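Data first, discussion second: the structure below is written as structure tokens.
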Amino acid sequence: MRKFGTLALAGALLAGLSLPGHAQFRDPQAAVKYRASTMVLLGAHFGRLAPVARKEAPFEQAAVQANVDVVKMLADLPWAAYAPGYEGGEARGDVWTNRDGFRKATEGFQAAVRQLDDAAQAGDFDAFRVAFGKVGQSCKACHDAFRVKK
Ligand code: HEC
């Protein structure tokens with residue numbers, strides 16, 4: 001009996017862990033707010049790299065890396081807030097009807113961000129510029145497909 005109880009408890013805990021979306025947000029509004037906030041921060045920190053990529057500001061590795069680190073961390077955060085049940089905000093319904101397409105868009109974005117990080121760490125400006133362009137395109141590609149047009 002005692003053993004069964006322990007197993008049941010472990011099972012219940014695992015079941016909880018396998019519910020990433022709903023376990024993390026109080027309600028859909030909280031999820032919308034969370035993902036919009038991470039997008040705003042992404043815009044701010046990715047945006048600070050733009051003058052560097054355009055050669056309007058010097059490529060100072062420490063400053064660049066500080067912003068890339070934030071972008072890299074943020075690149076993992078918004079997606080749990082797009083779990084089923086969190087429809088709304090400025091996200092198109094396609095996020096929930098085209099799960100594969102949305103997942104591919106997030107993965108493409110994350111791959112570009114890794115490339116940006118590698119270039120920043122290597123202090124390689126040309127590679128940084130190329131990766132910056134790729135990240136920017138992946139933001140836009142996802143917005144074109146999955147964000148409500150205004
Ligand atoms: C995989 C999809 C995806 C990627 C990649 C993505 N976004 Fe978004 N973004 C969205 C969606 C969807 C919204 C609409 C907000 C919502 O979900 O309710 C949005 C909204 C935004 C907003 C508006 C936030 C607000 O409500 O004020 C900004 C700013 C933004 N994104 C910036 C970026 C930047 C910068 C990047 C790349 C560095 C990026 N996003 C990458 C999907 C994406």
Side-chain angles (χ1 to χ4, degrees), residues 8-122 125 127-150:
L9 180 63
L13 285 172
L14 281 175
L17 288 175
S18 67
L19 290 172
H22 294 275
Q24 288 178 31
F25 300 99
R26 189 169 68 247
D27 53 35
Q29 287 75 13
V32 169
K33 207 168 173 182
Y34 178 93
R35 69 199 191 214
S37 307
T38 60
M39 290 287 169
V40 168
L41 290 174
L42 262 180
H45 290 274
F46 184 64
R48 285 176 200 173
L49 298 169
V52 180
R54 283 194 234 110
K55 298 189 183 177
E56 292 163 8
F59 182 69
E60 285 166 11
Q61 201 180 355
V64 164
Q65 190 67 56
N67 284 306
V68 170
D69 283 346
V70 177
V71 169
K72 200 171 63 169
M73 188 191 71
L74 292 168
D76 292 332
L77 296 182
W79 322 123
Y82 290 97
Y86 296 150
E87 289 85 347
E90 289 179 12
R92 300 232 304 252
D94 305 66
V95 170
W96 291 272
T97 54
N98 180 8
R99 293 309 277 174
D100 268 6
F102 189 68
R103 202 194 59 244
K104 281 190 189 123
T106 66
E107 287 171 357
F109 167 65
Q110 289 169 323
V113 169
R114 278 195 296 276
Q115 205 177 319
L116 186 71
D117 185 41
D118 288 347
Q121 299 220 27
F125 177 71
F128 167 81
R129 251 167 50 117
V130 170
F132 179 88
K134 280 195 184 172
V135 174
Q137 279 162 18
S138 66
C139 308
K140 187 179 182 305
C142 187
H143 291 167
D144 286 349
F146 296 106
R147 183 181 175 186
V148 172
K149 290 183 181 52
K150 289 199 203 168

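Keep in mind the model is a prediction, meaning the values are calculated, not measured.
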Would you give the length of the straight line joining atom [atom1] of [X] to atom [atom2] of [Y], rounded to the nearest 0.5 angstrom?
X: K72; Y: H45; atom1: NZ; atom2: NE2; value: 14.5 Å
X: M39; Y: H143; atom1: CE; atom2: NE2; value: 5.0 Å
X: L116; Y: R129; atom1: CG; atom2: CZ; value: 13.5 Å

Is the shortest heavy-atom distance from the side chain of [X] to the side chain of [Y] under 4.5 Å?
X: P78; Y: Y34; value: no
X: V52; Y: F128; value: yes
X: L49; Y: V68; value: yes
X: F102; Y: W96; value: no

How far apart are the closest heavy atoms of [X] and [Y], and which atoms are they?
X: P28; Y: G85; answer: CG-O, 3.5 Å
X: A81; Y: A31; answer: CB-O, 3.5 Å
X: A120; Y: V64; answer: CB-CG1, 4.0 Å
X: A91; Y: Y82; answer: CB-CE2, 3.9 Å
X: A122; Y: Q61; answer: C-NE2, 4.2 Å
X: A131; Y: A112; answer: CB-O, 4.4 Å

side-chain hydrogen bond (donor to acceptor under 3.5 Å, both in side chains) partners of [X], counting only residues at least two apart:
X: Q121; value: D117
X: K140; value: D144
X: R114; value: none

Please answer whether the main-chain N or O of [Y] pairs with a side-chain N or O of [X] as donor and acceptor at a distance below 3.5 Å.
X: Q110; Y: A75; answer: yes
X: R92; Y: A145; answer: yes
X: Q65; Y: A63; answer: no

On the 0 to 90° scale, with breaks at 30° and 60°, tag the Y86-F25 ring pair as parallel, tilted or perpendicular. perpendicular
Determine the interplanar angle of the F132 and F46 rings, folded into 0 to 90°, and report it as parallel if under 30°, tilted if 30 to 60°, perpendicular if over 60°. parallel
Show, in sequence, the C-alpha distance, side-chain angles and deciding distance for F109 and L42, and conclude whether the side-chain contact (heavy atoms from CB on, under 4.5 Å) test is met. CA-CA 12 Å; F109 167 65; L42 262 180; 4.0 Å; yes
